[in-house]
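Reading through the structure tokens given below for one structure.
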Amino acid sequence: MSGIYHFRTMPVSGPRSYPNRIAVVGDLGLTYNTTDTIHNLKSNKPDLVLLVGDVSYANLYRTNGTGSDCYDCSFPETPIHETYQPRWDYWGRFMQSLISRTPIMVIEGNHEIEEQAGKQSFVAYRSRFAFPSEESKSSSPFYYSFNAGGIHFIMLGAYVDYSKSAKQYKWLERDLANVDRSMTPWLVAAWHPPWYNTYTAHYKEAECMRLEMEELLYSYGVDIVFNGHVHAYERSNRVYNYTLDPCGPVHITVGDGGNREKMAIEHADEAANCPEPSSTHDEDMGGFCATNFTSGPAAGKFCWDQQPDYSAFRESSFGHGILEVKNETWALWTWYRNQDSSGKVGDQVYIVRQPELCLGSIKLPKSSFADS
């Protein structure tokens, strides 16, 4: 029998009721860098952990436990490609000191696909975590929502159908329409691959998903978006359709948790680094949608020739982030580098909600502004 553990539940929903600290991390794996990340994260004493995909990287290990950058490539004829479950067990034991006392909410990444015999996928992911799908009226563990005090979190699946005709999109429409911004003023969305990414790694890879879903999220006034996938850190200014927009969300990529793959370093806007468009396609995400920009400083080009104005800060370092929502108006976001001493921050910004500026473009009940 295991030991007895306890944890503190989330505060009740309300415009002035929030968890003290929410840790956000992605692309963890189980490496020396993971150890540093989790050590530093625990020192911040979070009340909730948000893990934005790529959990154990078990799919990069052969069944004898040795590493392989591409198991499918090494053994293309085998019916079972990615099932080294002991790696999941190692990861769980390593994380126990944190997640035995702190709630963790997870969304799937590409390394959770783990295709198996019979075309089964995501089996370990679905078996090892619990999801409030039924409670949020979702029919799938790949997308769901939940409240943490005055924050409504929407967790979306990038590796299942996200088109406007799909079940996920229809669920998202219903979920957003039912959000009461007078009780949960903050609306935060998370999925694995970022829409706004200036690194060459995974550049414009999620463009099809952005084209399907961005307008809907924008119309309901999503405040913050968290992603992983790109193994670096990047924070945007408020942006919509690649244009600075005070009504758009702040996009934050934290795919720098400690994965065993290399860090993303090169930027697509640096000389000779712009990827060839057809190379940006990811078959796990559906079709090919990446095209040249049609307006703005990069019109007619596939890449900018300088850091885009929507990209506020970027750095190739391992670390994690902490979100502290103070009230219905403002929150503090802090990103911590692993190599820094305790208490030193790598990036910090206040994120301020001003929904009264966006009445023409955002669907919010009038009661949302009563206490602002």
Side-chain angles (χ1 to χ4, degrees), residues 10-24 46-48 50 52 105 136 145-156 172-173 175-191 194-196 210 213-227 234-254 309-313 321-335 345 347-372:
M10 292 296 97
V12 296
S13 296
R16 296 180 177 84
S17 177
Y18 299 96
N20 288 329
R21 294 183 184 88
I22 300 170
V24 188
D47 301 292
L48 171 67
L50 200 68
V52 290
M105 303 302 287
S136 58
S145 64
F146 66 95
N147 290 342
I151 311 169
H152 185 71
F153 283 95
I154 300 171
M155 312 290 275
L156 298 176
L172 178 59
E173 286 183 310
D175 189 82
L176 288 169
N178 289 326
V179 174
D180 182 354
R181 299 299 281 269
S182 67
M183 293 301 293
T184 53
W186 288 85
L187 190 52
V188 177
W191 59 88
W195 294 348
Y196 290 92
R210 185 190 71 82
M213 288 186 157
E214 185 176 29
E215 182 179 5
L216 181 60
L217 295 180
Y218 175 80
S219 70
Y220 280 92
V222 169
D223 298 296
I224 307 172
V225 170
F226 289 115
N227 305 113
E234 185 163 19
R235 171 177 56 82
S236 81
N237 294 305
R238 289 188 175 273
V239 60
Y240 170 64
N241 195 25
Y242 291 107
T243 303
L244 293 179
D245 189 321
C247 303
V250 174
H251 289 253
I252 300 174
T253 298
V254 285
D309 53 14
Y310 58 78
S311 176
F313 185 89
I322 295 290
L323 179 67
E324 300 172 76
V325 178
K326 302 300 184 180
N327 53 40
E328 64 269 43
T329 302
W330 64 277
L332 179 65
W333 166 257
T334 307
W335 173 65
V345 303
D347 180 39
Q348 190 171 64
V349 65
Y350 288 112
I351 300 175
V352 182
R353 294 186 65 251
Q354 296 178 292
E356 67 279 1
L357 299 179
C358 307
L359 290 176
S361 57
I362 293 179
K363 299 175 182 178
L364 292 175
K366 292 182 179 179
S367 59
S368 298
F369 316 121
D371 300 319
S372 296

Quiz prompt | Trp335 backbone acceptor or donor facing Asp347 side chain under 3.5 Å | solution = no
Quiz item: If only atom types and distance count, is the side chain of Arg353 paired as donor or acceptor with the main-chain N or O of Glu328 below 3.5 Å?
Solution: yes
Practice problem: Looking only at non-hydrogen atoms, find the nearest pair between Pro249 and Val222 and report the distance. | Solution: CB-O, 3.3 Å
Quiz item: Roughly how far, to the nearest 0.5 Å, is the NE2 atom of His152 from the CZ atom of Arg181?
Solution: 9.5 Å
Quiz item: Looking only at heavy atoms, what is the nearest atom pair of Leu187 and Tyr220, with distance?
Solution: CD2-O, 3.6 Å
Practice problem: Indicate the ring-plane relationship of His251 and Trp195, choosing parallel, tilted or perpendicular according to the 30° and 60° boundaries. | Solution: tilted
Quiz prompt | Closest contact, heavy atoms only, Pro46 versus Ala23 | solution = CB-CB, 3.8 Å
Quiz prompt | Greater than 12 external heavy atoms within 6.0 Å of Glu173's CD | solution = yes
Quiz item: With sequence neighbours excluded, what pairs up with Ala331 under the side chain to side chain contact (heavy atoms under 4.5 Å, CB included) test?
Solution: Trp186, Leu323, Val325
Quiz prompt | Geometric class of the Tyr218/Tyr240 ring pair [parallel <30°, tilted 30-60°, perpendicular >60°] | solution = parallel
Quiz prompt | Non-hydrogen side-chain atoms of Ser182 and Pro15 separated by less than 4.5 Å | solution = no
Exercise. Take Ile151 and Met10 through the test side-chain contact (heavy atoms from CB on, under 4.5 Å) and record every step on the way to the result.
Key: CA-CA 10 Å; Ile151 311 169; Met10 292 296 97; over 6 Å; no
Exercise. Quick one: closest heavy-atom pair of Arg238 and Asp223, and the distance?
Key: NH1-O, 3.8 Å
Quiz prompt | Nearest heavy atoms of Asn147 and Ser13, plus distance in Å | solution = ND2-OG, 3.4 Å
Quiz item: From Gln348 CD over to Thr334 OG1, what is the distance, rounded to the nearest 0.5 angstrom?
Solution: 3.5 Å
Quiz item: Can you list the residues that meet the side-chain hydrogen bond (donor to acceptor under 3.5 Å, both in side chains) rule with Tyr310, with sequence neighbours excluded?
Solution: none
Quiz item: Between atom CG of Asp47 and atom CG of Asn20, what is the distance when rounded to the nearest 0.5 Å?
Solution: 5.0 Å
Self-check item: Gap separating the OG1 atom of Thr329 from the CZ atom of Arg16, nearest 0.5 angstrom
Solution: 8.5 Å
Self-check item: Spatial distance of atom OH (Tyr196) from atom CZ (Arg210) [nearest 0.5 Å]
Solution: 5.0 Å
Quiz prompt | Residue pair Glu214 / Tyr242, side-chain donor-acceptor N/O under 3.5 Å | solution = no
Practice problem: Any chance you could measure Leu216, atom CG, to Leu176, atom CG, to the nearest 0.5 Å? | Solution: 5.0 Å
Quiz prompt | Test item: side-chain donor near acceptor, Asp175 and Ser145, under 3.5 Å | solution = yes
Self-check item: Closest heavy-atom pair and its distance - Phe153, Ala148
Solution: CE1-CB, 3.9 Å
Quiz item: Counting N and O atoms only, with roles assigned by atom type, does the side chain of Asn237 sit under 3.5 Å from a partner on the main chain of Asp309, one being a donor and the other an acceptor?
Solution: yes
Practice problem: Output, in order, the C-alpha distance, side-chain angles, deciding distance and verdict of side-chain contact (heavy atoms from CB on, under 4.5 Å) for Val349 and Val250. | Solution: CA-CA 11 Å; Val349 65; Val250 174; over 6 Å; no
